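Structure first, then comments.
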Amino acid sequence: MKVLVIGGGGREHALAWKIAASPKVQMVFVAPGNGGTASDLRLKNVPIEGVQALADFAQAEKVSLTVVGPEAPLAAGVVDLFRARGLRIFGPTQAAAQLESSKAFSKDFMQRHGIPTALYQTFADAQAAHAHVDKTGVPIVIKADGLAAGKGVVVAATPAEAHAAIDWMLGTGDSATPLEVQHLACSDGRVVPRVVIEEFLEGEEASFIVIADGRNVLPLATSQDHKRAFDGDTGPNTGGMGAYSPAPVVTPNVHARVMHEIIQPTLDGMAKDGIPYTGFLYAGLMIDAQGRPKALEFNCRMGDPETQPIVMRLKSDLLDVLVHAADGTLGGVELQWDRRIALGVVMAAAGYPHAPRKGDAITGLPAVSPDAAAEAVVFHAGTTKEGGQLLTSGGRVLCVTALGESVKVAQQRAYEALAPIAFDGMQFRRDIGHRATKAR
Ligand code: AMP
Ligand code: GLY
C-alpha cells in the first residue's frame, strides 16, 4: 500500500515512522517532510504544496491512503477535494474542521450541545469587548477567532494585558502590528475579525485525542503537553515544549467522564448538525480538583508534540486502524498499548517562539531509527538536509522521545539521548514530566 502523509513537523515524522512499520506498506510519501523523514529510507519526501497538487499526486501515484497532519490543509478543504475525486483520505471535512479553525463556531457548538466548557462571549466590536473586560475583571482569556498558528490565545492577568490583547487581535486602538489571523468568511462571504472572551478556568490540562469515523470513536492513549517555553511552566506560550503519555490526571473515572460528557456528545452533535466528524479529534481539557473535565478547545488533528510519545506506545498497526477509520468501519477495532511511559523533550531553535532562527548546523544526531521497538527515537520537526548536513529550519527542531518503566526512567532516557545533540542557540526544558513525577 502507498501512503501519503501531509505535513512536515514532528507529528508527521512520528506518524510516518509508525505507518512505515506496517507490513502492508510499500511506500510512505511525506509532503513536504523534513530532514528526519528525508533520512529514513522507508520514507520519501515530496515537495508538494496546495490541495490541488496533493490530490494530483495521490491520483498519479495511486496512493491508497492519505493522512493529514496539520490544520491548515484541513481548513483549506483537502478532505473534501480528495473525496470528490474518489481518493481515500483520513481527516475532517472543511466544515467539520471549523471545530478548530473557528473558536466562535466551536464555542457555539459546545453550548448548543451541552458540552462543558468555559463561559464565553464573542465580539467583533472592540468597544464592546473592552467594556466586557472592565465589567468582568481578570484573570480572563482572550482568543482570536481564526487560525493564528498557536499565537491566538492570551491569558490576561491584568486589565491592561486584556485590553492590549483585544486591540492586537482586532487591529484596533494603537496596535501597531496586529496579530496575523486567517479569518474565516461568514456565511454571507464577509470576513470580520472577532475575539472570543472567556472565563479563566483553574485546574490541570490534559490532551485527549480520539480517532473518529463519523459514528464510531476510538480513544488514543492520553497525554500531557508543556505549553510554556521555560522550566516551571513560565515564559511565553509555545506550540508545546514536550509531552508524555499517559497523563496521570486522567484517571479511569475522568476518562469515562470525558468520553461520556465531551467526546461522544461532540461526535453525536456533529452528526446531528449534518457535518459528521471523521479524523483525529483532539480535546484540550481542563480538569479541576474534583476531577470534572471541561473542554478548553478542539483541534481537528493530532497534537504536536503529543503524537511523538503516543505513537511510541502504540503497539497496533496504525495503518490498519486509519484505513478502518477512513472507511467508516472502526466499530470493534481495539488498540494495544505499551504499558510503559513515553516522554518527549522538544529542542527548539534560538529565538523560539517569537522569532526562531534558521540555518544552524545540528551535530551529534543519531541515525534515524526505523526500529519500531526502539527505546529512544529522535523525531525531527524544523530540520532540513542540505548536502548531507542537517540544519535547523523552524521553531521546534527535534523531539527526543523515550520509553521507560516509570516517568523518571523515561525522562532519564530522553535526556540521555538528547545530551550529545547540539546546535547554536538550542533551547529545551529540563523539567518535562514534572507534573507526573509529582503525581506519583
Ligand atoms: P487554546 O489554544 O484555546 O487551548 O489555549 C491555549 C492555552 O491557553 C491552553 O492550553 C491553556 O493553557 C490556556 N487557556 C485557554 N483557555 C483557557 C481558559 N478558559 N482558562 C484557563 N486557561 C486557558
Ligand atoms: N501541543 C498542542 C497542540 O498540538 O495543539
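These numbers come from a predicted model, not from an experiment. Remember, it's 1-based here, ligands and their atoms both numbered in the order they're listed. Computation of the quantities below employed the complete heavy-atom set of this structure, encompassing side-chain atoms and omitting hydrogens, waters and symmetry-equivalent molecules.
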Check if Pro305 has a non-hydrogen atom at a distance under 4.0 Å from any atom of ligand 2.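 Pro305 counts as a contact of ligand 2 under the 4.0 Å cut-off.
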Using only heavy-atom distances, determine whether the side chains of [X] and [Y] contain a donor-acceptor pair under 3.5 Å.
X	Y	value
Thr93	Asp80	no
Glu306	Ser207	yes
Thr278	Arg83	yes

What is the closest protein heavy atom to [atom], and at what distance does it sit?
atom	value
atom 21 (C) of ligand 1	Leu201 O, 3.3 Å
atom 3 (O) of ligand 1	Lys143 NZ, 2.8 Å
atom 22 (N) of ligand 1	Met286 CE, 4.0 Å
atom 9 (C) of ligand 1	Glu205 OE1, 3.4 Å
atom 5 (O) of ligand 2	Arg301 NH2, 2.9 Å
atom 13 (C) of ligand 1	Val155 CG2, 3.8 Å
atom 17 (C) of ligand 1	Leu296 CD2, 3.5 Å

Flag Asp304 as yes when one of its N or O atoms lies below 3.5 Å from any N or O atom of ligand 2, and as no otherwise.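 N/O-N/O distance under 3.5 Å: yes.
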Looking only at distances, please establish whether an N/O atom of ligand 2 is found under 3.5 Å from an N/O atom of Glu297.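 No - when backbone and side-chain N and O of Glu297 are compared with those of ligand 2, no distance drops under 3.5 Å.
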Only heavy atoms of Phe200, strictly under 4.0 Å: list the atoms of ligand 1 that pass.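 Those of ligand 1 that fall under 4.0 Å from Phe200 are 20 (N), 21 (C).
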Just which atoms of ligand 1 are under 4.0 Å from any heavy atom in Lys227?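 Per the distance check, 10 (O).
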Student check: side-chain heavy atoms of Trp337 and Leu314 closer than 4.5 Å: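 A side-chain contact under 4.5 Å exists here.
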Euclidean distance, Thr401 OG1 relative to Arg413 CZ, rounded to 0.5 Å: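 If we round to the nearest 0.5 Å, Arg413:CZ and Thr401:OG1 are 13.5 Å apart.
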Give, for atom NZ of Lys103 and atom CD1 of Ile197, the distance between the pair rounded to the nearest 0.5 Å.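 Lys103 atom NZ to Ile197 atom CD1 measures 14.0 Å (nearest 0.5 Å).
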Could an N or O of ligand 1 be found under 3.5 Å from any N or O of Glu297, whether backbone or side chain?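 In this structure, Glu297 places an N or O atom under 3.5 Å from an N or O of ligand 1.
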Residue [X] vicinity, atoms of ligand 2 by number, heavy atom under 4.0 Å:
X	answer
Asn299	5 (O)
Glu306	1 (N), 2 (C), 4 (O)
Gly303	4 (O)
Gly239	1 (N), 2 (C)

So if I apply the side chain to side chain contact (heavy atoms under 4.5 Å, CB included) rule between Ile142 and each of Ile166, Leu170, Val196, which one comes out positive?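 The passing option is Ile166.
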Heavy atoms only: which of Val153, Thr117, Asp233, Leu285 lies closest to atom 8 (O) of ligand 1?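 It is Val153 whose heavy atom sits nearest to atom 8 (O) of ligand 1.
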Taking the six-membered ring of Phe428 (Phe, Tyr or Trp), confirm whether the NZ or CZ of Arg430 is under 6.0 Å from its centre and within 45° of its axis.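 Yes, a cation-pi geometry.
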Answer with yes or no whether Lys103 contacts ligand 1, where contact means a heavy atom under 4.0 Å from a ligand atom.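 Lys103: in contact with ligand 1 (<4.0 Å).
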Around Arg257, counting heavy atoms of other residues, nucleotides and ligands shown, do more than 12 lie under 6.0 Å from its CZ?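 Yes - once you tally the heavy atoms of other residues, nucleotides and ligands closer than 6.0 Å, there are more than 12.
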Relative to the ring of Phe109, is the ring of Phe298 parallel (under 30°), tilted (30 to 60°) or perpendicular (over 60°)?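 Perpendicular.
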For His13 and His380, take the angle between the two ring planes, folded into 0 to 90°, and tell me which bin it lands in: parallel under 30, tilted 30 to 60, perpendicular over 60.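 Perpendicular.
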Should His113 and Asp268 be marked as a side-chain hydrogen bond (donor to acceptor under 3.5 Å, both in side chains) after you check the CA-CA gap, both sets of side-chain angles, and the distance that decides it? CA-CA 9 Å; His113 294 285; Asp268 296 346; over 6 Å; no
With a heavy-atom distance limit of 4.0 Å, tell me whether Glu199 approaches ligand 1 through its side chain, its backbone, both, or neither.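 Contact part for Glu199 vs ligand 1: backbone (N, CA, C, O).
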